[in-house]
S.K.: 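Below is one structure. I have some questions about it.
So you know, we letter chains A, B, ... as the sequences are listed, proteins then strands, and number each from 1.
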Number of protein chains: 2
Amino acid sequence: MEDLHLSFTEENYLKSLIHLTVLSLAKIEVGTNELAVNLNVKPATVNDMLKKLKEKKLINYERYGKISLTEIGRLAGMEVLRKHRLWETFLVEKLDFSWDEVHEVAEQLEHIHSRKLIDRLDSLLDFPKFDPHGDPIPNAKGEIEILTRKTLNEIEIGEKCRLVAVKDNSSAFLQYVNKLGLTIGSEIEIASKEIYDELLHLIIDDQTFTVSKKFAENLFVV
Amino acid sequence: MEDLHLSFTEENYLKSLIHLTVLSLAKIEVGTNELAVNLNVKPATVNDMLKKLKEKKLINYERYGKISLTEIGRLAGMEVLRKHRLWETFLVEKLDFSWDEVHEVAEQLEHIHSRKLIDRLDSLLDFPKFDPHGDPIPNAKGEIEILTRKTLNEIEIGEKCRLVAVKDNSSAFLQYVNKLGLTIGSEIEIASKEIYDELLHLIIDDQTFTVSKKFAENLFVV
DNA sequence: TAATAAAGTTAGATAAGCCTAACTTTAAAT
DNA sequence: ATTTAAAGTTAGGCTTATCTAACTTTATTA
Ligand SMILES: [Mn+2]
Ligand SMILES: [Mn+2]
Ligand SMILES: [Mn+2]
Ligand SMILES: [Mn+2]
């Protein structure tokens, strides 16, 4: 079953669709424009590719209709996501990369075609369940644990929570997280919130920090 | 200096040129046809690319003239070769691949762009000098130890030698080498040679084997 | 419901890599 | 020194992935 040869671009479309449907709870379809934004291309470009992906039976799609993954498409997309997250874990665990440096390289490595390579890598890393950003890693069967996670801005004043993952994977954001001394597992308490400009005052390790709503929306906590 | 962005294809051209010039002792230039054969494309295709590579100052080339690498081209090509051989070493050393399985995957991995990645990989592997096929690995400065090596068919009857590298990297050939119980470092004695069909009779570990001239030409010995 | 806005599609271009077929230049043989 | 063969080049096409500009369909909102 796993011998359909997909181009880098096709794989990126499928991975995007995984993010926009499977991983975005309670939404199994997306539109052309949303996919275009996610892939950083123009809607006209997406439209061309939709025809090709439908032809290859990777997506369900009708003219002017919504887009969803077929089972084949879902498996192929999940494999790309699995590779991405395993490579990120490898870079951090084995090559001492920091978590803000791995995403760009993993964007390249996720397209290496070799089932054996990825399964051996999984084994070398001891079958990790989460990547360096706290995101779950799909297993070899394409199964993933989808957790309902709150973002920091949804937490009430006075409540304590623990950082389990980050939404934004850009190095700009992650370096900002580093600057606050935050890592996956950090305890965070909401000291107070500003109504006017929506700033949050946090207590981390007995120190006080002020962050924006935008920042807080990119932190997943429990 | 290392911020010229090269495509996979351009990198493959430079790597080919490294093989055909730098690594092929006493020949610093090649022609369009020879390069085309090496890259498995048509001469017309090569011709188009030559114009582009010259434009980017990666090769020296004039219409109807021979092709050679510039210093920039040599360094870029050497880096691709370095990556190829380091990844092959990684696959064998860290992921338990056998030497006949690594070449195809390394053909993909050699195009991952990240200086940090490759230098960390080098360090993880303890700065190996040779890849699994006995080929020297260029260092981070693009320097490589070029050794003058004899092939098995050049050895005289009665002489003993040691396998140091293989010329052919195809899995078909390497599996054949495996079948004879040969590995890098194996002692080989030439028992005799047939004049008529150029077969060689070898003694390896007190056992006798018969191989063709074609086979013997692909084994480097000292 | 009719007007307007948003979403989606099509047509026509472009650039990278590749091809075949025909042509030109250089090298090798007679 | 011609002739022929080999090597190299050009012209014109194809495919993939992208774009812009114009158009059509669906959704929203007055
Ligand atoms: Mn990532
Ligand atoms: Mn990608
Ligand atoms: Mn190889
Ligand atoms: Mn290659």
S.K.: Provide, to the nearest angstrom, the distance between the CD atom belonging to B/Glu10 and the C1' atom belonging to C/dC18.
M.R.: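 That distance rounds to 14 Å.
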S.K.: Please name all residues satisfying ring-ring contact (aromatic ring centres under 6.0 Å, His included) with A/Phe215, sequence neighbours left out, ordered by chain then number.
M.R.: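 Partners of A/Phe215 under the ring-ring contact (aromatic ring centres under 6.0 Å, His included) test: A/Phe173, A/Tyr176.
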S.K.: Any base atoms under 4.0 Å from B/Phe8, or only sugar-phosphate, or nothing? Heavy atoms, all strands.
M.R.: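 B/Phe8: no heavy atom of the nucleic acid under 4.0 Å.
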S.K.: What residues in residues 31-44 of chain A put a non-hydrogen atom under 4.0 Å from any atom of DNA chain D?
M.R.: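 Under 4.0 Å from DNA chain D: A/Val41, A/Lys42, A/Ala44.
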S.K.: Could you tell me how far apart B/Lys56 (NZ) and C/dA15 (C1') are, to the nearest whole angstrom?
M.R.: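 Spelled out: NZ on B/Lys56 to C1' on C/dA15 is 12 Å.
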S.K.: Starting at OH of B/Tyr64 and ending at P of D/dA6, how long is that distance when rounded to a whole Å?
M.R.: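 After rounding, the reported distance stands at 17 Å.
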S.K.: For A/Met49 and C/dG8, what is the distance between atoms CE and C1' respectively, to the nearest whole Å?
M.R.: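 It is 17 Å, rounded to the nearest whole Å.
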S.K.: What is the distance, rounded to the nearest whole Å, between atom CD of A/Glu29 and atom C1' of C/dG8?
M.R.: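 Answer to the nearest Å: 15 Å.
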S.K.: Are any of B/Tyr61's side-chain N or O atoms less than 4.0 Å away from OP1 or OP2 of D/dT9?
M.R.: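 Checking B/Tyr61 against D/dT9: at least one side-chain N or O falls below 4.0 Å of OP1 or OP2.
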S.K.: For a quick test of reading the model: is some side-chain N or O of B/Arg63 closer than 4.0 Å to OP1 or OP2 of D/dT10?
M.R.: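 Yes, B/Arg63 has a side-chain N/O under 4.0 Å of OP1/OP2 on D/dT10.
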S.K.: Considering residues at least two apart in sequence or located in another chain, which fulfil the side chain to side chain contact (heavy atoms under 4.5 Å, CB included) criterion with B/Lys213?
M.R.: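 For B/Lys213, the residues satisfying side chain to side chain contact (heavy atoms under 4.5 Å, CB included) (neighbours in sequence not counted) are B/Asn153, B/Glu198, B/Glu217.
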S.K.: May I have the distance from B/Glu62 (atom CD) to C/dT25 (atom P), rounded to whole angstrom?
M.R.: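 From B/Glu62 CD to C/dT25 P: 16 Å.
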S.K.: Please report, to 0.1 Å, the donor-acceptor pairs under 3.5 Å made by any side chain of residues 123-134 of chain A, with sequence neighbours excluded.
M.R.:
| from | atom 1 | to | atom 2 | distance (Å) |
| --- | --- | --- | --- | --- |
| A/Asp131 | OD1 | A/His133 | N | 2.7 |
| A/Asp131 | OD1 | A/Gly134 | N | 3.1 |
| A/Asp131 | OD1 | A/Asp135 | N | 3.0 |
| A/His133 | ND1 | A/Glu88 | OE1 | 3.0 |
| A/His133 | ND1 | A/Asn169 | OD1 | 3.2 |
| A/His133 | NE2 | A/Trp99 | O | 2.9 |

S.K.: From C-beta outward on A/Thr9, which listed nucleotide comes closest to its side chain: C/dT9, D/dT18, C/dC19?
M.R.: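 The nucleotide sitting nearest to the side chain is D/dT18.
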S.K.: If we check side-chain contact (heavy atoms from CB on, under 4.5 Å) with B/Val177, which of these qualifies: B/Leu219, B/Asp168, B/Asp100, B/Asn218?
M.R.: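 It is B/Leu219; the other options fail the test.
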S.K.: Please tabulate, for the side chains in residues 28-46 of chain B, all donor-acceptor contacts under 3.5 angstrom to protein atoms that are two or more places apart in sequence or on a different chain.
M.R.:
| from | atom 1 | to | atom 2 | distance (Å) |
| --- | --- | --- | --- | --- |
| B/Glu34 | OE2 | B/Lys27 | NZ | 3.1 |
| B/Asn38 | OD1 | B/Ser16 | OG | 2.4 |

S.K.: Is there a side-chain polar atom (N or O) of B/Asn47 under 4.0 Å from OP1 or OP2 of D/dG8?
M.R.: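 For B/Asn47, the contact criterion (side-chain N or O under 4.0 Å from OP1 or OP2 of D/dG8) is not met.
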S.K.: Could you tell me whether A/Arg82 and A/Glu79 have a side-chain N and a carboxylate O separated by less than 4.0 Å?
M.R.: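 Looking at A/Arg82 and A/Glu79, the cut-off is not met.
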S.K.: Please report, to 0.1 Å, the donor-acceptor pairs under 3.5 Å made by any side chain of residues 89-96 of chain A, with sequence neighbours excluded.
M.R.:
| from | atom 1 | to | atom 2 | distance (Å) |
| --- | --- | --- | --- | --- |
| A/Thr89 | OG1 | A/Arg85 | O | 2.7 |

S.K.: Quick one: A/Asp48 CG to D/dT20 C1', roughly how many Å, whole number?
M.R.: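 So the CG-C1' distance, A/Asp48 to D/dT20, works out to 13 Å.
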S.K.: Distance check: side-chain N/O of B/Lys66 vs OP1/OP2 of D/dG8, anything under 4.0 Å?
M.R.: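 Checking B/Lys66 against D/dG8: at least one side-chain N or O falls below 4.0 Å of OP1 or OP2.
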